[in-house]
There are 2 protein chains.
Amino acid sequence: MESDKIVIDESKYIQQLSIDCVIFGFHGEQLKVLLPKVKQLELWSLPGGYVLKKEDIEAAAQRILEERTGLRDIYLEQFYVFGRANRSTGETLKKVLLANSIQIPEDSWVFERFISIGYYALVDFSKVNTKIGIYDEACEWHDIHQLPNLAFDHAEIIQKALETLRFMLDDKLVGLNLLPETFTMKELQILYETILDKPLRRDNFQRKVLTMGILERIEKKFTGAAHKAPYLYKFVK
Amino acid sequence: MESDKIVIDESKYIQQLSIDCVIFGFHGEQLKVLLPKVKQLELWSLPGGYVLKKEDIEAAAQRILEERTGLRDIYLEQFYVFGRANRSTGETLKKVLLANSIQIPEDSWVFERFISIGYYALVDFSKVNTKIGIYDEACEWHDIHQLPNLAFDHAEIIQKALETLRFMLDDKLVGLNLLPETFTMKELQILYETILDKPLRRDNFQRKVLTMGILERIEKKFTGAAHKAPYLYKFVK
DNA sequence: TCAAAAGTGTTATCCGTACACCCATGA
DNA sequence: TCATGGGTGTACGGATAACACTTTTGA
């Protein structure tokens with residue numbers, strides 16, 4: 001990301017390299033993305049930042065995630081590097097700095113093109129207290145179907161993240177941070193349906209995830225509803 | 001990569017970022033990787049280089065590939081970013097420079113840690129005239145099963161490239177640069193078997209690739225052998 | 001006429017999907 | 001006892017794997 005998190009001390013970071021996090025938020029039947037809004041511009045961006053000179057890139061991504069959500073040890077996965085020479089310009093950043101009365105030398109590397117490593121994360125947005133960065137005027141969850149005006153190629157980055165997430169969903173199960181400790185099969189199914197954006201068959205879905213061998217069946221859950229009580233499950237460790 | 005292709009003018013490049021190319025070479029029944037040998041050190045590395053400040057990373061990867069093989073417009077794919085803070089040190093590079101009597105300021109960024117974007121390519125190694133870089137004493141094809149002593153985490157990078165290549169082979173067909181203009185089904189099968197490192201059934205393999213609809217059957221090929229002459233195929237464009 | 005490898009028809013097996021029925025629950 | 005949603009047995013169909021037979025070629 002290039003527009004928020006403007007460095008106080010540029011020399012601490014690796015030049016012209018950034019990390020952009022696509023933080024997917026799930027709750028109920030909604031899939032959202034966390035987007036900060038650039039101050040005084042009608043422009044939204046991805047939460048991003050730079051990599052410290054001696055920092056693992058994985059750690060940098062975790063740090064950026066924590067800065068916005070306060071969350072630690074979240075499922076986070078690198079999915080692509082965006083490196084077209086003209087994918088970003090310093091113009092947007094200059095506007096931001098001007099709007100916020102921040103001075104950075106004209107010849108700083110922060111105005112050059114950026115290569116950005118994309119990570120995506122999955123969180124339950126109802127449990128997150130989002131934090132507004134010092135150069136944001138807002139930081140909000142946006143439904144995946146209704147994205148606002150996005151900076152640079154961030155719309156493309158979100159699209160690629162979503163494709164990768166959906167592709168991965170076949171093999172790996174990624175509900176870890178998105179569901180409560182214990183949950184019903186119905187809840188897990190809704191998670192899948194929301195991410196994949198298509199309905200799934202109840203019967204076959206149950207069989208499929210059970211044969212994966214990653215769920216442990218606990219006791220029943222009596223909801224008070226006039227029907228059979230569903231089992232509760234938890235992920236086996 | 002960090003040990004070959006030492007920059008003459010460091011300021012042209014993005015700092016602490018490199019590209020490493022895993023160039024797979026195929027011919028006969030062998031799968032190899034192109035590895036330059038660092039001068040005067042018993043150490044091999046991946047062909048790599050830096051990204052020019054205003055260069056697409058894709059173009060940088062193509063440039064690095066061309067530097068070693070002379071080949072252009074080759075199938076090339078980004079597969080992962082290696083960014084552990086301690087994955088490389090400047091020590092190896094210093095030895096190289098010392099061995100080659102090259103002077104670079106002690107405080108140059110080339111001695112810092114590197115984040116490296118991995119690309120892999122596929123070529124026919126019998127058609128390539130490999131080029132020795134100015135800091136290499138050799139540049140040779142190594143069988144994938146017998147890799148020499150490799151610098152940094154380059155063994156890990158090769159492993160990851162190989163996994164990605166095998167994974168991709170199911171959907172996309174990647175024989176384009178590896179086979180002659182026309183080829184027999186047997187040749188294509190050997191290519192697949194060599195990459196996947198496992199035998200495939202002749203009958204089912206034929207049906208599978210034919211249903212993909214990417215091959216066009218040409219005339220027969222009379223080899224002089226005492227059996228039915230196989231058809232020749234070519235990739236449809 | 002024979003061996004060797006190519007090509008293809010047929011059968012078996014597996015897996016994902018669809019349909020069905022039964023079960024538990026509280027009104 | 002009824003409606004509602006959960007759990008699971010079973011049947012269907014397409015795709016893949018396995019088997020078997022035929023064809024072609026030059027020795």
Side-chain angles (χ1 to χ4, degrees), chain A residues 28-29 166-175 179-236, chain B residues 28-29 166-175 179-236:
Chain A
E29 303 187 13
R166 285 175 177 159
F167 189 70
M168 290 296 164
L169 214 57
D170 267 345
D171 318 305
K172 304 179 189 175
L173 194 54
V174 288
L179 292 172
E181 183 71 20
T182 62
F183 49 87
T184 65
M185 193 56 77
K186 183 75 178 174
E187 289 174 310
L188 184 61
Q189 184 180 340
I190 289 172
L191 167 62
Y192 267 69
E193 290 179 329
T194 306
I195 293 176
L196 296 175
D197 204 21
K198 67 177 182 187
L200 299 171
R201 288 188 64 95
R202 183 180 57 88
D203 47 3
N204 296 330
F205 176 78
Q206 167 144 267
R207 259 185 286 257
K208 180 176 178 178
V209 296
L210 287 181
T211 55
M212 280 180 159
I214 45 171
L215 295 185
E216 186 182 339
R217 180 177 281 182
I218 322 289
E219 76 280 16
K220 287 194 174 187
K221 181 186 185 183
F222 290 86
T223 58
H227 57 77
K228 192 172 180 177
Y231 289 105
L232 284 175
Y233 295 87
K234 67 175 183 182
F235 291 106
V236 291
Chain B
E29 302 188 13
R166 285 175 178 158
F167 189 70
M168 290 296 164
L169 213 58
D170 267 346
D171 318 304
K172 304 179 189 175
L173 194 54
V174 288
L179 293 171
E181 183 70 20
T182 62
F183 48 89
T184 65
M185 193 57 77
K186 182 76 178 172
E187 290 174 310
L188 184 61
Q189 184 181 339
I190 288 172
L191 167 61
Y192 268 69
E193 290 179 328
T194 306
I195 293 177
L196 297 175
D197 205 21
K198 68 176 183 189
L200 298 171
R201 289 187 62 95
R202 185 180 56 86
D203 48 2
N204 296 329
F205 177 78
Q206 168 145 266
R207 258 184 285 257
K208 180 175 179 179
V209 297
L210 286 181
T211 55
M212 280 179 160
I214 45 172
L215 295 185
E216 186 182 342
R217 181 178 279 184
I218 320 291
E219 76 280 15
K220 287 194 177 188
K221 181 186 185 183
F222 291 85
T223 58
H227 57 77
K228 192 172 180 177
Y231 288 105
L232 284 176
Y233 295 87
K234 68 175 182 182
F235 289 105
V236 290

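Order of the sequence lines sets the chain letters (A, B, ...), proteins ahead of strands, with each chain counted from 1.
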Heavy atoms from C-beta onward define the side chain here; which of dT25(C), dG7(C), dA5(C) lies closest to that of Phe222(A)?
dT25(C)
Could you tell me whether a side-chain N or O of Gln206(B) sits under 3.5 Å from a main-chain N or O of Asp203(B), the two making a donor and an acceptor?
no
Pro230(B) side chain, from C-beta outward: closest of dA24(C), dG7(C), dT17(C):
dG7(C)
For the side chain of Asp203(A), starting at C-beta, report the closest nucleotide among dG7(D), dC19(C), dG7(C).
dC19(C)
Which one, dC19(D), dT24(D), dT8(D), comes nearest to the side chain of Arg201(B)?
dC19(D)
Could you tell me how far apart Tyr231(B) (OH) and dG7(C) (C1') are, to the nearest whole angstrom?
8 Å
Provide, to the nearest angstrom, the distance between the OH atom belonging to Tyr233(A) and the C1' atom belonging to dG6(D).
9 Å
Nearest whole angstrom, please: distance from the P of dT24(D) to the CD of Glu219(B).
17 Å
What nucleic acid atoms does Lys208(A) come within less than 4.0 Å of, heavy atoms only: base, sugar-phosphate, or nothing?
nothing
Figure out the CZ/P separation between Phe205(A) and dG5(D), and round it to whole Å.
18 Å
Between NZ of Lys228(B) and C1' of dA6(C) the distance, given in whole Å, is 5 Å
Should Arg207(B) be listed as having a side-chain N or O under 4.0 Å from OP1 or OP2 of dA18(D)?
no
base_contact_polar (dG5(D) base, Arg202(A) side chain, donor-acceptor, <3.5 Å):
no
Rounded to whole Å, NZ of Lys186(A) lies from C1' of dG5(D) at a distance of 8 Å
Whole-Å distance, Lys220(A) NZ to dG7(D) P, equals 8 Å
Once hydrogens and angles are ignored, does a donor-acceptor distance under 3.5 Å link the base of dA18(D) to the side chain of Asn204(B)?
yes
